[in-house]
Amino acid sequence: MSDIGQSAGRVARSPAFKFFLISFLVLLLLIPLLMVIALVSDREGRSRSVMSDIARTWGGVQTLTGPYLVVPYSVRVETRDGDKIVQQTQERRAVFLPEELTITGNGKSNVLTRSIFDVNVYTASLRIEGRFGAPDVADVDPNAISIRWKDAIFALALSDVAGLKEAATLKVNDRETLPFAPSLGIPGNYLSGIHAKLDDAASVIEGESAAKAFSFQADLVFTGSSSLSFTPAARETRVELSSDWPHPSFMGAFLPVEREVGQSGFSAKWRVPHLARSVPNQWTTTDGGVDRFLQYQFGVTFYQPVDFYGLVNRAVKYGLLFLAVGFMGVFVLELMSHKRVHAVQYLFVGLAMVFFYVLLLSLAEHLGFTAAYLIASLATGGMLSIYVGKSLESGRSGLIMAALFALLYGLLYLILRLEDYALLAGAALGFAALTAVMFTTLKVDWSGLGTISARSINPSKGRDDEMV
């Protein structure tokens, strides 16, 4: 039994056993790392909740769709009622898109703060100009009868009409001015918006049987948040937008043909022909609604360049790698020292490295990511360096750990900033750390048998302060 006990003791004191014990502790620390990820997700969800609350009162993400010319008409359809064929009259609507559409405007940006959260908002002033060709309902539906030109409407969809801050009016052929009414004015349609009845525009309507081409102009002032989008509703759509926001992110199906971005703001121009979108210039509502432009939207996001929740979340994903590198640094210093580090002390080191992310998140919400990262890394790295130096009773070991933590946190910061090369940088760091540990421990007696044999020859060289 004594031989078995001695063998077990040798195994328990061997570097190999300590290595596997450290590996187990690293895996065990995945639990608090997952808790940190959940905490980041919860705080990010809280931030989005605040953004949604502000959007409900200020104005949400805005998308301008249209305008449309909508003309109601009737058709006769035959239905079978038993052995009888019955003729019924059904009401339908023909939808026409403009021949030309030009949107020019300015977005004045602002940042609203609620509690510790900032939300990007804007006030947009747009002028919408264009021209409709002479609509012919017979081209849309050859079976059309009783076309009600006087019930035709000019419809303009806006995703959040609560953001409209001024009364909007429509000017037709530079003469008649028509008021807008609430809703899109198209039954069975879920898009929100406004519409104007054209029955009072004498220059558009000619009697009850025909209509002619007309030009239009509308001015809108509305508020929104995060982004502003448009749709290529005309045969030739032009959009010119400027703003004082210095960090635009152009998005959607079409990018600007011209753009200028500077510290004072941006300006951008889009030109989209109708051939670039698979939407006809006229159709009937029985063939589809007016919400056909979803995949062809384009515009700008008022981008916040520092998304610290995303950066913290990315940093946590490298947590396992950094725990392993930190533990290996302590382990190598232990092998070269006359002192031993207990498993509980390794656990304390790991918990402190995990708590770095909690410090980073909490400070970033108040100070911004860069300042928070600097403070959290200095506090964590400095404390752990002193702790390891005290544990090994070696100021030199503490300085080495300080250099290691400075390198680790410095590399992590660079990895977070190198979005396109983050994986490559992380892989290179992991490979370099593994290579350094392998060659540093090349002459280590992992089994501990050599140490035991030496002690049997010279017992005075034994160490009574070892502990697993």
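Sequential numbering from 1 along the given sequence is applied to the chain's residues.
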State, to 0.1 Å, how close L178 and A196 come at their nearest heavy-atom pair, and which atoms those are.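 Nearest heavy atoms, L178 then A196: CB-CB, 4.5 Å.
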Grab the two heavy atoms, one from V279 and one from R292, that are nearest each other, plus how far apart they are.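 Closest approach of V279 to R292, heavy atoms only: CG2-O, 3.6 Å.
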Are side-chain N/O atoms of [X] and [Y] paired as donor and acceptor at under 3.5 Å?
X	Y	value
S229	Q297	no
D291	Y190	yes
Y413	T370	yes
S109	D244	yes

Please identify each residue that fulfils ring pair (Phe, Tyr, Trp, His ring centres under 6.0 Å) with Y409, with sequence neighbours left out.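 Expected list: F356.
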Listing request: all ring pair (Phe, Tyr, Trp, His ring centres under 6.0 Å) pairs with a residue in residues 28-79, at least two apart in sequence or in separate chains.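 For residues 28-79, and leaving out neighbouring residues, there are no ring pair (Phe, Tyr, Trp, His ring centres under 6.0 Å) pairs at all.
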Give the intermediate values and the outcome of side-chain contact (heavy atoms from CB on, under 4.5 Å) for residues M383 and I386. CA-CA 5 Å; M383 183 271 287; I386 296 173; over 6 Å; no
Is R235 paired with E100 through a side-chain N to carboxylate O contact shorter than 4.0 Å?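 No, this pair does not count.
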Out of the candidates S125, S242, S267, S243, only one should pair with N106 under the side chain to side chain donor-acceptor pair (under 3.5 Å) rule; please name it.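 It is S242, the one option of S125, S242, S267, S243 that forms the side chain to side chain donor-acceptor pair (under 3.5 Å) with N106.
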Would you please name every residue forming a side chain to side chain contact (heavy atoms under 4.5 Å, CB included) with L255, sequence neighbours left out?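 By the side chain to side chain contact (heavy atoms under 4.5 Å, CB included) rule, L255 matches F250, R259.
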Would F96 and F132 satisfy ring pair (Phe, Tyr, Trp, His ring centres under 6.0 Å), going step by step from the backbone distance to the final call? CA-CA 8 Å; F96 300 91; F132 278 98; 8.3 Å; no
If you apply the rule side-chain contact (heavy atoms from CB on, under 4.5 Å), what do you find for Q217 with I128, and how did you get there? CA-CA 6 Å; Q217 176 184 309; I128 305 167; over 6 Å; no
More than 12 non-hydrogen atoms from neighbouring residues, nucleotides or ligands closer than 6.0 Å to CZ on R271, yes or no?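 For R271, atom CZ is not crowded (no more than 12 foreign heavy atoms under 6.0 Å).
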Should we say atom CD of E91 is surrounded by more than 12 heavy atoms from elsewhere, each under 6.0 Å from it?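 Correct, the count exceeds 12.
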As a quick check of understanding, evaluate side-chain contact (heavy atoms from CB on, under 4.5 Å) for V290 and V95, giving each step before the final call. CA-CA 8 Å; V290 295; V95 180; 4.2 Å; yes
Does any non-hydrogen side-chain atom of [Y] lie less than 4.5 Å from one of [X]?
X	Y	result
L323	L25	no
L412	Y373	yes
L164	L158	yes

Test ring pair (Phe, Tyr, Trp, His ring centres under 6.0 Å) applied to F298 and W270, step by step: CA-CA 9 Å; F298 61 92; W270 290 264; 5.7 Å; yes
Main-chain N/O of G59 paired with S225 side-chain donor or acceptor, under 3.5 Å: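 Yes; judged by distance alone, with no hydrogens or angles, the pair exists.
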Donor-acceptor check, side chain of T231 to backbone of A233, threshold 3.5 angstrom: yes or no?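 No; judged by distance alone, with no hydrogens or angles, the pair does not exist.
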Working note: F355 + T380, criterion side-chain contact (heavy atoms from CB on, under 4.5 Å); need CA distance, chi angles, decisive distance, verdict. CA-CA 8 Å; F355 200 78; T380 306; over 6 Å; no
